[in-house]
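This is a predicted model, so every value here is computed, not measured. Both ligands and their constituent atoms are indexed starting at 1 by order of listing.
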Amino acid sequence: MFLWGTATASYQIEGAVAEDGRGTSIWDTFTHEPGRVRDGDTGDVACDHYHRWPEDIALMSGLGVNSYRFSIAWPRVQPDGKGAINQAGLDFYDRLTDALREKDIVPAATLFHWDLPQTLEDEGGWLNRDTVYRFAEYAAAVADRLADRIPLWITLNEPFIHMVFGYALGTHAPGRTLVLDSLPAAHHQLLGHGLAVRELRARGAEKVLITNNCTPVWPASSDPADLAAADAYDVLHNRLFNDPVLLGAYPDLSAYEVSLDCVRDGDLELIGAPLDGLGINYYNPTRIAAPTGEGLPFEDAGVTGYPTTAFGWPVVPDGLRELLSGLKARYGDALPPVYVTENGCSQPDEPGPGGTVDDQGRIAFLDGHIGAVEKARAEGVDVRGYYVWSLLDNFEWAEGFSQRFGLVHVDFPTGTRTPKSSYHWLRDRISRGLTGTPSQP
Ligand code: GBH
């Protein structure tokens, strides 16, 4: 069964940050520091999904999806990131899981979508190897409670973005600006992934994945310097995260003045444990040129000549086909089935007559990208799922509520939900199925 879904993340939709014993995460801290997030927005209330989840499940049911990717907030489960398990926090995901199953919607749970307990950040966060063992403990606690009913697990969401925005550039929590000294955050997240795989499997989890955000890398020209720069970028963005989980080895990092001396014997065996799938999030390709100054071995040359989303990101549906086929070409038999765990676009807030939201741009975006999945499948890539980011307009990290990715419009702060034109279009598109597969569900 091809999985058609929508995706969300705990901090971006839940709100209820002080309820039922939830602890503080790095995003609570970060959003309450002046100047970090556009307009001072926070996830304190967000979409109030913590209270409105029955309505959100009804929306998914009406949309006709057969899966829902959500994330579990570590600080709800373990308020201090270690020690006692807060069953009241797990109760929320327990209710959600059962209600989804009742509607024949396959729950797909992500264990970590960036909301690290603040207590762990105070001890170094993902730069500290101890966080890896805390993550394994948390994974075990979640699996103890839910592995019997959640068939699809994703250990981490986009460890690259968490490392770069959170630890290298500081535009996301925890707001550190270590540039290339952030690399241990990559290795420790990946090792946490490896240990979590073991805990999930020990508790009978049916399918275990990791989600990496991947981008096709386009050299700005055929000049050897641009080609070398593009290769260096591909290593940092894509291969640093895909190679160790699929091949059990890090790529050659010699283009960078970095050391991975935090890697210990046995780590890569854990990181390279077999997976049941690779989750990939795709937004756009990246065009890379040789550096003009000191520092990094590449420069972002910008993709031009394509329409852009409200965020300014280029819309290149064929980039998804290129990415999927490229993964197959690089990893061959080592590539497990692929799930597109996020794809979507932000659009301006355009309320129309009678409370409607006519987001034709999103319809064109989704139509093109679903077509790209069909083409990749025709080229032999085993793609098993497609999740739209996102079900709801939500808290878009450093951009607060200014970027809207939802199939469903959310009026902030009242929380009123209104399905957009894309919601109705997608319901029809799902019912037509993918080429080469019987119609869904
Ligand atoms: C995902 O990250 C996250 O998983 C999700 O939480 C988030 O809400 C969603 O995407 C939307 O942002 O400057 O043109 O080269 C996506 C990571 C990083 C992908 C920035 C696009 C830059 C585009 N994104 N990237 S461009």
Side-chain angles (χ1 to χ4, degrees), residues 5-14 25-27 30-31 37-38 41 43 46-47 49 69-73 108 110-116 154-166 168-169 171-173 189 209-218 220 230 233-234 236-238 241 279-289 298-316 319-320 323 339-347 362 365-366 369 387-407 410:
T6 58
T8 64
S10 46
Y11 189 73
Q12 295 182 268
I13 63 165
E14 287 179 357
S25 87
I26 56 174
W27 273 96
F30 191 78
T31 55
V37 175
R38 183 180 300 274
D41 289 343
C47 305
H49 170 77
R69 173 177 179 238
F70 59 95
S71 82
I72 294 175
T110 304
L111 287 174
F112 182 69
H113 199 127
W114 309 345
D115 41 1
L116 189 79
I154 295 159
T155 54
L156 305 175
N157 179 70
E158 301 188 349
F160 171 77
I161 293 294
H162 190 52
M163 172 186 82
V164 172
F165 290 4
L169 305 176
T171 51
H172 281 186
Q189 285 184 88
L209 283 60
I210 186 173
T211 282
N212 285 331
N213 65 302
C214 300
T215 182
V217 181
W218 295 349
Y233 188 78
D234 186 40
L236 184 70
H237 189 132
N238 299 312
F241 296 89
I280 67 124
N281 293 350
Y282 169 75
Y283 287 90
N284 54 261
T286 309
R287 200 164 142 264
I288 294 292
F298 61 82
E299 215 165 83
D300 191 336
V303 171
T304 51
Y306 291 88
T308 54
T309 70
F311 227 136
W313 302 349
V315 179
V316 188
L320 179 54
L323 172 68
Y339 295 76
V340 178
T341 44
E342 283 181 30
N343 176 239
C345 63
S346 65
Q347 290 264 276
R362 179 169 291 102
F365 184 100
L366 297 176
H369 288 78
Y387 294 77
V388 175
W389 184 272
S390 182
L391 175 67
L392 305 168
D393 291 339
N394 62 48
F395 176 78
E396 178 49 36
W397 307 118
E399 298 300 320
F401 297 104
S402 68
Q403 296 291 342
R404 294 176 174 269
F405 280 86
L407 296 162
V410 178

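- Between the side chain of R287 and the main chain of G302, a donor-acceptor pair closer than 3.5 Å is present.
- Two rings, from Y282 and H369, have their centers less than 6.0 Å apart.
- Scanning all heavy atoms of the two residues, the minimum distance from P314 to N284 falls at O-CB, 3.4 Å.
- At a 3.5 angstrom cut-off on N or O pairs, H113 counts as close to ligand 1.
- Both the backbone and the side chain of W313 come within 4.0 Å of ligand 1, judged by heavy-atom distances.
- In the vicinity of I161, heavy-atom distances shorter than 4.0 Å reach the ligand 1 atoms 17 (C), 18 (C).
- Aromatic ring centres of Y11 and F395 lie closer together than 6.0 Å.
- For the pair N213 and ligand 1, the shortest N or O to N or O distance does not fall below 3.5 Å.
- Among all non-hydrogen protein atoms, the one lying nearest atom 9 (C) of ligand 1 is Y283 OH, 3.4 Å.
- Looking at S346, its side chain does come within 3.5 Å of a backbone N or O of F311 through a donor-acceptor pair.
- Taking the six-membered ring for Trp and the full ring otherwise, the centers of F112 and H162 sit less than 6.0 Å from each other.
- Residue contact check: P314 has heavy atoms under 4.0 Å from atoms 14 (O) of ligand 1.
- Which parts of ligand 1 touch N157 is read off a 4.0 Å heavy-atom cut-off, strictly below it: atoms 4 (O).
- Contact between Q403 and ligand 1 is absent, with no heavy atom of the residue lying under 4.0 Å from the ligand.
- Ion pairing between a basic and an acidic side chain is recognised when a charged N comes within 4.0 Å of a carboxylate O; E342 and R69 show such pairing.
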- [ ] I would like to know whether R38 and S402 meet side chain to side chain contact (heavy atoms under 4.5 Å, CB included); could you show each step before the answer?
- [x] CA-CA 8 Å; R38 183 180 300 274; S402 68; 3.3 Å; yes
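- Atom numbering of ligand 1 starts at 1 in the shown order; those under 4.0 Å from a heavy atom of W114 are 3 (C).
- Side-chain N or O atoms of S390 include none that pairs as donor or acceptor with a backbone N or O of G406 at under 3.5 Å.
- The closest protein non-hydrogen atom to atom 2 (O) of ligand 1 is E158 OE1, 2.8 Å.
- If you number the atoms of ligand 1 from 1 as listed, the ones under 4.0 Å from a heavy atom of N284 come out as 14 (O), 15 (O), 21 (C), 23 (C), 26 (S).
- Listed by number with element, the atoms of ligand 1 under 4.0 Å from a non-hydrogen atom of F405 are 11 (C), 12 (O).
- The protein heavy atom nearest to atom 8 (O) of ligand 1 is E396 OE1, 2.6 Å.
- Counting only heavy atoms of the protein, atom 3 (C) of ligand 1 lies nearest to E342 OE1, 3.4 Å.
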